[in-house]
Amino acid sequence: MEIENNLPKTFDPKAAEDKWYAKWLENKCFKPKAGKQKRTFTVLMPPPNVTGKLHMGHALDATTQDALIRYKRMKGFETLWIPGTDHAGISTQAVVEKLIWKEEKKNRHDLGREEFLKRIWAWKEQYGTEIVNQQQKMGVSCDWDYSTFTLDEIPNKAVKKFFVMLFNEGLIYQSDYIVNWDPVLQSAISDAEVEHKEVRGHFYHLKYKVKEDPTIELVIATTRPETIFADTAVAVNPNDERFKDLIGKTAIIPICNREIPIIGDEHVDIEKGTGCLKVTPGHDFNDFEIGKRNGLPIINILNKDGTFNTNAPEIEGLNPKDARAEVERILIELDVLVEKKDHVHPVGHGQRSDEIVEPMVSKQWFLNTTAMSQVAVEAVENGEMTFFPKGWENTYFAWLKSPKDWCISRQLWWGHQIPVYYCRHCDAKWAAEETPSECIDCRDTDIFQDPDVLDTWFSSGLWPLSTLGWPDEKAMEEKGFDKFYPNSTLITGFDIIFFWVARMMMMGMKVTGKAPFKHTYIHAIVRDKQGRKMSKSLGNGIDPLDMVSKYGADAMRFTLAAGSGYNRDLNLDPERIEGYRNFVNKLWNAFRFIYPYLDKAQDELPIKSEWHLHDKWILAELNTVAKSMNESLDVYRFDDASSAIYAFVYDKFCSWYIELSKNILYGEDEKAKIVRATMLKYCFRKIVALLHPIVPFITEEIWSYLESDETKLLAVQDYVEFDPSLENAEVQDMMNRFIEVTTGVRNIRSSVNMKPKDEIDVKLFTDDKKLAKFIYDSRHFLKDLANVKSGTIRNKTQERPKKSASLATVHTEIFIPLEGIIDINEQVNRIKKDMEKTQNEYKKVEGKLNNQNFMSNAPEEVRAEVQEKAKMFQDKLQSLNQILESFL
RNA sequence: GGGCGUUUAGCUCAGCUGGGAGAGCGCUACCCUUACAAGGUAGAUGUCGGGGGUUCGAUCCCCUCAACGCCCACCA
């Protein structure tokens, strides 16, 4: 009896994706709406940089956040997910500069600040739009009306307001300080933006003459001989017997022959190098400190582009690499170089430019974060904000508990220009939120703004505030600041815990006194299947949109969710996406199966007395999975939630419940058909609801067949909650045994190479009366599932058939009489093997029961459990013995 | 150097406050069975990194060793 089915055999993701995303937008599903929880749930999207295309890390970000927000939305929270993009000062400026150079052979100075900024804005418009397209293809359910760009008017106001506030408190100050100078960007960068890499270099030992005593030659060790031009002292440890008499005398720098003092400073390590240290306050962090302690002058020998300036005439204009070679040559010529040996040491590189950063002294703006970090630490310690998984708070603390002042100025053009103004007429310097027209002191109009811009993370740190309108009162009202701040959960990667999470905490608390979010879920970093970072240079990157077009957005999302728990790496193999694509298709085909019976199905569940045993079972299992999904999603275990529903759909629903339904649906009992069709429809409605947060497209598509009211989209239906009235451990237990018996029969069939078409006679022996009844009630199903023609169920006092293919579970013996057809030896061996295994297991539990210490110390329930197990193994051994006897 | 983390089936990983070792993929055999070959049925696979300790009992707790990874600090 073939039933007409006009649904396609495989699910077509593309059509569903475009169709349903448009429908969701059209119905304003993503806008906050008050729900039964009477509470809000807010998530703030980490704004992607406008530098280019989204990568797998963004896809993971998007998937986990979307799953969470869809889940909460269905649970009846008033949900808001705020999207946006980041101007990403340094990287964006660098990318655009490079592009302009490539196309027009012009640098930013050739264009001028205004024109250059115009170009970046044009670029931003293009890529910003592309990012939104990509996100929508992945199904993100954010409220696009809230979309914010970090250089928009409100964030700009926020930055100015915050800056002026802290400036006036004296927390922001300007200072000549040694900073990490990136010669490519020609800007200072913060400590956090420096990456240390092992570099092969050399240790040079150089002779410095002592003016007062030409017989003494000091040997100093350095890895950077080219910086001797900036030396302003030689330092030794005042406790160093070898050199302490030299303190106060004068050393002469080779090549330039400048005289510098020999000083004593505790910082010098007697053991390290030669014990003599050349002090270069202008180009070394430690030396800068020594210089400050000892009042040494600072000499700068570098230009902004990293080449040497006139203070180092012999190497003027050279880059560091050539300069070093040249200095080395001169040193050899002067016979000053005593020794040169290979040396591997860490050298700071710019995170964005990947060039060696040069410590250089310059005037920069700093933010004193001492008090703010203290507050941010306390908020986590006292539980106002919690990390998931908890371990990440260590990273957070490590950063905030030893706060260093934050260098917030950057010598770039793309960003928030520092709202500090200077007067050319007098010496006034002040910060202001509104652009002033005259000097604050002398009222002269010849004033100018500081040309530097702020570190990108300065505006990112204010993101939870500015996206909700702060500090503009009207905007705050419109966007519901009071309602949605603090946010609920922040989802991001561990690589930006201190760049971003810590800064948002500091700044949010500074402004409002409240932590900007209650939870921070730190997800894994996506790597390739071998665990390597995805990068352009390795060429191992996977483009999320390629995956979406190849396997569908749902498959990709399920893969990412299934891989996202409390782990720190997610090694992504495209084969796994294919696997989950198959799962999505499985779901589709399960639906195809029930589709023809939908018109028989009723809207409400039948009364309980009409439920078949199998119905009770599937509802109990469904209830179990609902419970576990709720619990998992509440604590961001997307992996557990995914595998729970995966196992349910595959194993329980498809493999058993659908198979068990065929007998009824293909049968003659119309009443039973209606009940079963109703059950299937009900289950499917619950299944797609449970799955919707992870795979929104296919579930919405299937929902459209299950819900007659077209205005009721699945995206805004109720999530499935645990229902105690559906619990039924006894039926679940019986069903498991029934499954064991069925599998046992199939197992025997397979062990004697029986064809699926061969019908068999089965004789079961069990002392479990309830089970016997259950199997008897399900006898027609057993026939279908294992192609059983006839059979009997008896208790174990009855005589067993002779020489049958057989098998024993702990509760049931299965015999299939096949005398003459089967290989007796093979069967006996199989049973003996099982016996040995069971024997071993039995010995283990028996050992425990014979152990006095176990019996007196183990808790009651554990003892009972072990006793029960012992009984089970005993029963099984007895059964196996019976079977062996039947072969005699 | 300081800190964090990892080591469980061929691969990727899960195992909650100690109490019979799990999943997915892969693999093997047989099947185009009327939802699905992007499928079905059955099956195999582990000294839970090494050593020691605590405990009646350790994949789980403590110590130690080893390997690997990450973060922070450091251009003598």
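Sequence lines set the chain letters: A, B, ... in the order given, protein chains first and strands last, and positions in each chain run from 1. Predicted model, so just to flag it, every value in this text is computed and none were measured.
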Assign each of A/F285 and A/K837 to its nearest nucleotide of RNA chain B by heavy atoms, then name whichever residue's nucleotide is nearer the 5' end.
A/K837
Ranking A/S751 and A/E358 by the position along RNA chain B of their nearest nucleotide, the one closer to 5' is A/S751
Using the [atom1] atom in both, what is the distance from [N] to [M], to the nearest Å?
{"N": "B/C61", "M": "B/A42", "atom1": "P", "value": "37 Å"}
{"N": "B/G22", "M": "B/C63", "atom1": "C1'", "value": "29 Å"}
{"N": "B/A58", "M": "B/G53", "atom1": "P", "value": "12 Å"}
{"N": "B/A35", "M": "B/A29", "atom1": "P", "value": "28 Å"}
{"N": "B/G20", "M": "B/C60", "atom1": "P", "value": "14 Å"}
{"N": "B/U7", "M": "B/U59", "atom1": "P", "value": "15 Å"}
{"N": "B/G50", "M": "B/A23", "atom1": "C1'", "value": "27 Å"}
{"N": "B/G2", "M": "B/G18", "atom1": "C1'", "value": "32 Å"}

May I ask you to evaluate whether [X] reaches the phosphate of [N], defined as a side-chain N or O under 4.0 Å from OP1 or OP2?
{"X": "A/Y657", "N": "B/A35", "value": "no"}
{"X": "A/N571", "N": "B/C13", "value": "yes"}
{"X": "A/R830", "N": "B/A42", "value": "no"}
{"X": "A/K586", "N": "B/A35", "value": "no"}
{"X": "A/K197", "N": "B/C75", "value": "no"}
{"X": "A/H345", "N": "B/C74", "value": "no"}
{"X": "A/S402", "N": "B/C72", "value": "no"}
{"X": "A/N857", "N": "B/C56", "value": "yes"}
{"X": "A/N753", "N": "B/A29", "value": "no"}

Can you check whether A/Y396 and A/F498 have ring centres sitting under 6.0 Å from each other?
no
Ring-plane angle category for [X] and [Y], please: parallel below 30°, perpendicular beyond 60°, tilted otherwise.
{"X": "A/F558", "Y": "A/Y580", "result": "tilted"}
{"X": "A/F653", "Y": "A/F684", "result": "perpendicular"}
{"X": "A/Y705", "Y": "A/Y595", "result": "perpendicular"}
{"X": "A/F593", "Y": "A/Y666", "result": "perpendicular"}

Looking at side-chain heavy atoms only, is the closest gap between [X] and [Y] below 4.5 Å?
{"X": "A/W656", "Y": "A/D651", "value": "no"}
{"X": "A/Y597", "Y": "A/R676", "value": "no"}
{"X": "A/F591", "Y": "A/F11", "value": "no"}

In the structure shown, which nucleotide is the Watson-Crick or G-U wobble counterpart of [N], with both distances under 3.5 Å?
{"N": "B/G69", "result": "B/C4"}
{"N": "B/G26", "result": "none"}
{"N": "B/U45", "result": "none"}
{"N": "B/U55", "result": "none"}

Rounded to the nearest 0.5 Å, how far apart are NZ of A/K278 and CG of A/D284?
8.0 Å
What distance do A/E826 atom CD and A/S751 atom OG have between them, rounded to the nearest 0.5 Å?
7.5 Å
In whole angstrom, what separates [X]'s [atom1] from [N]'s [atom2]?
{"X": "A/L400", "N": "B/C71", "atom1": "CG", "atom2": "C1'", "answer": "14 Å"}
{"X": "A/D639", "N": "B/C16", "atom1": "CG", "atom2": "P", "answer": "13 Å"}
{"X": "A/I525", "N": "B/C4", "atom1": "CD1", "atom2": "P", "answer": "20 Å"}
{"X": "A/K340", "N": "B/C75", "atom1": "NZ", "atom2": "P", "answer": "21 Å"}
{"X": "A/W399", "N": "B/C71", "atom1": "CH2", "atom2": "P", "answer": "13 Å"}
{"X": "A/R527", "N": "B/C13", "atom1": "CZ", "atom2": "C1'", "answer": "15 Å"}
{"X": "A/F653", "N": "B/A35", "atom1": "CZ", "atom2": "C1'", "answer": "11 Å"}
{"X": "A/N567", "N": "B/C70", "atom1": "CG", "atom2": "C1'", "answer": "14 Å"}

Side-chain-base donor-acceptor pair under 3.5 Å for A/K9 and B/C36
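Such a pair does not exist between side chain and base.
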Let's test your reading of the model: under 3.5 Å, does the base of B/A38 pair with the side chain of A/R581 as donor and acceptor?
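By the distance-only test, yes, there is a pair.
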Per A/K848 side chain, nearest of listed nucleotides B/U12, B/G19, B/G24
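Nearest to the side chain of A/K848 among the choices is B/G19.
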With respect to the side chain of A/R568, which nucleotide from B/C74, B/C4, B/C75 is positioned closest?
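Out of B/C74, B/C4, B/C75, the nucleotide with an atom closest to A/R568's side chain is B/C4.
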Would you mind classifying the nucleic acid contact of A/S856 as base, sugar-phosphate or nothing, using non-hydrogen atoms under 4.0 angstrom?
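Here A/S856 touches no strand at all.
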Residues from residues 220-229 of chain A lying under 4.0 Å of RNA chain B - heavy atoms
A/A221, A/T222, A/T223, A/R224
